[in-house]
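Everything numeric here is computed off the predicted structure, so don't read it as measured data. Values reported hereafter were calculated over all heavy atoms of this structure, with side chains retained and with hydrogens, waters and symmetry mates removed.
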Amino acid sequence: MDSSNVVYVSNDPDIQLFNSGHPSKKTVTLTFDDGPARVLPELLDILKKEKAPAVFFWQSRLLYPGRPWKRVLEEGHQIGTHSSKHSNYAKLTPNEQIQDLKRSKLKIESITGQEVKLFRPPYGQYNEHTIAAAKELGLSTILWRISSMDWELKEEPEQMITNVLENLEDGAIILLHELSQTVEALPELIAKIRGKGYEFSLL
């Protein structure tokens, strides 16, 4: 697999590929996109057992009051917005971008009762209007340093572990998704990241 697909490089000061870091230990941040999905309870079970905090970037159209959002917050994770319905923001007008982002932020906040401060653009696609919209709404734009490529690896969950481990570096934000193959690989992934001397942190 082309490693350029795995490691994201950007010089844009307005987007974040790394966590804020820790002065005395090496950390990485697990992030999960495209939920809340059916596998969310399984992911939460693993994260709870492993005592690993994570960040969830949710499409607001998928968030209903009955989804286990309360458990996500109670167990120490963070929730950010991943737009209303996974539109490519780079193809939307400036007004469409800010309206969609505002709508998604307000819906998540209305259900969870907690302010949303993090935003991940769908597909990792954005332009200057995306950044401006996020800033206007008080959101930090978060991408990732390492992609597991899990959405392509339904039959090869081991490869997503390899993709992450071969590119680990201090502070790296890791891209995962709420998928069944990710659930399958997650316990081993967490164990092997820890085996390389890293701990897990939020953003």
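The shortest distance between side-chain heavy atoms of Arg120 and Leu175 falls below 4.5 Å. Using a 4.5 Å heavy-atom threshold, the side chains of Ile193 and Ile174 count as touching. Looking at heavy atoms from C-beta onward, Ser180 lies in side-chain contact with Lys154 at the 4.5 angstrom threshold. Here the side chains of Gln78 and Lys117 are not in contact, with every heavy-atom distance at 4.5 Å or above. Two residues are said to be in side-chain contact when any heavy atoms from C-beta on lie closer than 4.5 Å; Asn163 and Gln159 meet this criterion. Counting heavy atoms from C-beta outward, Asp33 and Trp151 have side chains that stay 4.5 Å or more apart. Residues Leu176 and Leu30 meet the side-chain proximity criterion, which asks for heavy atoms closer than 4.5 Å. Residues Asn95 and Ile98 meet the side-chain proximity criterion, which asks for heavy atoms closer than 4.5 Å.
The backbone N or O of Ser201 sits less than 3.5 Å from a side-chain atom of Thr29, completing a donor-acceptor pair. Panel note: side chain His86, backbone Pro122; no donor-acceptor pair is recorded below 3.5 Å.
A chain of hydrophobic side-chain contacts below 4.5 Å, direct or via other Ile, Leu, Val, Met, Phe, Trp or Tyr residues, connects Leu137 to Ile79. Put simply, Tyr8 and Phe57 are part of the same group of oily side chains (I, L, V, M, F, W, Y) that touch within less than 4.5 Å, one to the next. No continuous path of ILVMFWY side-chain contacts below 4.5 Å connects Leu62 to Trp69, so the two sit in separate hydrophobic clusters. Leu73 and Leu106 fall into different hydrophobic clusters, defined by Ile, Leu, Val, Met, Phe, Trp and Tyr side-chain heavy atoms under 4.5 Å apart, directly or through other members. Tyr123 and Leu143 are not part of a single hydrophobic cluster, where members link through side-chain heavy atoms under 4.5 Å apart.
Taking both residues in full, the closest heavy atoms of Asp14 and Ile131 are given as CB-CG2, 3.5 Å, listed atom of the first, atom of the second, then distance. Annotation for Gly197 and Lys26: closest pair O-CE, 3.6 Å, computed over non-hydrogen atoms. The two residues Pro157 and Gln181 make their nearest non-hydrogen contact at CB-O, 4.0 Å. The nearest pair of heavy atoms linking Thr27 to Gly21 is OG1-CA, 4.5 Å. Gly76 approaches Leu202 most closely through the heavy-atom pair O-CD1, 3.3 Å. Of all heavy-atom pairs between Leu203 and Ile173, the closest is CD2-CD1, 3.7 Å.
Relative to the six-membered ring of Phe200, Lys25 misses at least one condition, a distance below 6.0 Å or an angle of at most 45° to the axis.
The CZ atom of Arg71 lies 4.5 Å from the CG atom of Leu44; values are rounded to the nearest 0.5 Å. Interatomic distance, Ser83 OG to Asp100 CG, rounded to the nearest 0.5 Å: 5.5 Å. A distance of 11.0 Å separates CD of Glu109 from OG of Ser60, quoted to the nearest 0.5 Å. How far CD of Glu178 is from CD of Glu42: 11.0 Å, rounded to the nearest 0.5 Å. The OG1 atom of Thr130 lies 9.0 Å from the CG atom of Leu101; values are rounded to the nearest 0.5 Å. Distance OG1/Thr182 to CG/Asp150: 3.5 Å, rounded to 0.5 Å.
The number of heavy-atom neighbours closer than 6.0 Å to NZ of Lys107, taken from other residues, nucleotides and ligands shown, is above 12.
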Full working for side-chain contact (heavy atoms from CB on, under 4.5 Å) between Val39 and Phe32: CA-CA 11 Å; Val39 301; Phe32 295 88; over 6 Å; no
Can you list the steps and then say if Asp45 with Lys48 is a salt bridge (Lys or Arg N to Asp or Glu O under 4.0 Å)? CA-CA 5 Å; Asp45 287 345; Lys48 184 176 182 179; over 6 Å; no
Run the side-chain contact (heavy atoms from CB on, under 4.5 Å) check on Glu50 and Arg194 step by step: do they pass? CA-CA 10 Å; Glu50 301 296 337; Arg194 282 201 170 118; 3.9 Å; yes
I'd like to know whether Leu139 forms a side-chain contact (heavy atoms from CB on, under 4.5 Å) with Lys105, so could you lay out the CA-CA distance, the side-chain angles of the two residues, the decisive distance to 0.1 Å, and finally the verdict. CA-CA 9 Å; Leu139 295 163; Lys105 180 181 190 289; 3.9 Å; yes
Apply the test side-chain contact (heavy atoms from CB on, under 4.5 Å) to residues Val183 and Ile46: give CA-CA distance (whole Å), side-chain angles for both, the deciding distance (0.1 Å), then the verdict. CA-CA 8 Å; Val183 172; Ile46 295 166; 3.9 Å; yes
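Every residue two or more places apart in sequence or in another chain was checked for a salt bridge (charged side-chain N to carboxylate O under 4.0 Å, His left out) with Glu156, and none qualifies.
For Phe119 and Tyr126, the ring centers are positioned 6.0 Å apart or more.
Taking the charged nitrogens against the carboxylate oxygens, Glu74 and Lys70 have no contact shorter than 4.0 Å, which rules out a salt bridge.
Side-chain contact, Gln97 with Asn127: a donor N or O sits under 3.5 Å from an acceptor N or O.
The aromatic rings of Trp58 and Phe56 are tilted relative to each other, their planes meeting at an angle between 30° and 60°.
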